[in-house]
Amino acid sequence: MIYLLSSILFSVLLLVNFRLFPKFGINTLHAISLNYIVCFATGMLLMPKGQSFDLDLSQNWTWFCLALGVGFIITFVLSGLSTQKAGITVTSLANNVSLVIPVLVSLLLLETKGKAFDTFNYLGLLLAICAVGLATYQKPDGGLKNSLSSWYLPLGVFLMYGITNAAINYLNLEFIPNPELTIPVTLVMVFGAVIAGVLLLSFSLIKNKEKWEWKNALAAVTLGVPNFLSFYLIFLALSSFGNSGAFVYPIYNIGVIVFSAAVAAIFFKEKLNQINKLGFLLAIVALFLISYQEISSIF
């Protein structure tokens with residue numbers, strides 16, 4: 001359980017980083033661009049004994065992983081902007097409820113041989129989509145631009161996290177049948193994000209003529225370490241629970257949503273309107289409905 005709780009903590013810490021960046025004058029784009037270098041270095045330090053990083057460009061899955069790395073950068077940029085514009089709670093909800101996308105892709109496109117979904121499971125998927133809409137709703141009283149950013153950024157987070165996770169599921173299904181290769185393969189994805197991040201930073205410095213500041217590199221460290229640890233600890237949590245992803249992921253998602261909401265309310269004084277609160281509660285109900293069978297079997 002300690003792995004699962006630690007993963008939840010580090011996931012919330014990512015959002016806290018984004019929330020604090022403007023306060024300290026951190027360039028969010030620069031910090032995100034550099035954080036995957038730190039992420040990669042952290043992964044190399046935690047590499048299991050007997051395994052190594054190998055970039056075999058003759059393999060199709062290598063190119064797939066590198067492309068996914070670009071998706072990581074886009075997703076992280078959206079997550080950072082959404083946290084700053086819409087808040088920690090809404091961004092966290094959009095991120096974690098995005099699990100409906102890989103679930104639907106697995107059921108409808110990949111046709112994986114998993115458990116059969118019943119009426120309650122499908123109801124959970126429907127409620128999860130409704131929850132995102134309700135949680136991101138804002139009254140148009142802060143100007144059209146602010147109102148738009150308060151919902152299209154979380155929506156972008158929802159879509160991009162869902163798409164990248166669905167792509168990872170496809171990668172595991174088609175190319176990586178051996179779970180022991182998880183860390184080396186993950187590092188190939190991270191390496192793709194490193195390349196994309198360096199290019200993005202170079203474009204920002206040269207084309208946009210933005211100023212380089214070392215505090216952005218320091219911010220990349222506070223972002224990159226929890227970034228890698230959040231999903232590395234999820235792998236350890238899966239192992240400790242007999243690889244029961246249907247149990248671990250809903251508990252993880254609900255934990256992140258609830259803990260991030262508490263942090264946002266206590267430390268950042270974020271407030272939700274009544275419709276947002278309904279979406280928040282609906283998201284938790286949806287996650288329970290999606291996985292109620294697995295959770296009840298454990299207890």
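Every value quoted in this text rests on a predicted model; they were computed, and no experiment measured them. Below, all heavy atoms of this structure are taken into account, side chains as well, without hydrogens, waters or symmetry copies.
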Inset, instruction - Measure from the ring center of Tyr252 to the ring center of Tyr3 and say whether it is less than 6.0 Å. - result: no
Inset, instruction - Answer yes if the ring centres of Phe24 and Phe21 are under 6.0 angstrom apart, and no otherwise. - result: no
Inset, instruction - Treating Ile, Leu, Val, Met, Phe, Trp and Tyr as nodes and any side-chain heavy-atom pair under 4.5 angstrom as an edge, say whether Leu9 and Leu46 lie in one connected cluster. - result: yes
Legend entry - Atom pair OG1 (Thr119) and OH (Tyr122), whose distance is rounded to the nearest 0.5 Å: 9.5 Å
Inset, instruction - Name the orientation class of the two ring planes belonging to Phe191 and Phe40 (parallel below 30°, tilted from 30 to 60°, perpendicular beyond 60°). - result: tilted
Legend entry - Aromatic ring pairing Trp214/Trp212, orientation class (parallel under 30°, perpendicular over 60°, tilted between): perpendicular
Legend entry - Candidate pair Phe18 and Ser82, rule side-chain contact (heavy atoms from CB on, under 4.5 Å), full reasoning: CA-CA 9 Å; Phe18 288 137; Ser82 178; over 6 Å; no
Minimum heavy-atom separation for [X] to [Y], with atom names?
X	Y	result
Ala220	Ala31	CB-O, 3.6 Å
Thr42	Val225	OG1-CG2, 4.0 Å
Ala128	Val100	CB-CG1, 3.3 Å

Legend entry - Side chain Asn35, main chain Val221, donor-acceptor under 3.5 Å: no
Inset, instruction - With side-chain contact (heavy atoms from CB on, under 4.5 Å) as the test, would you mind laying out the steps for Trp61 and Asp56 before giving the verdict? - result: CA-CA 9 Å; Trp61 66 264; Asp56 186 358; 5.6 Å; no
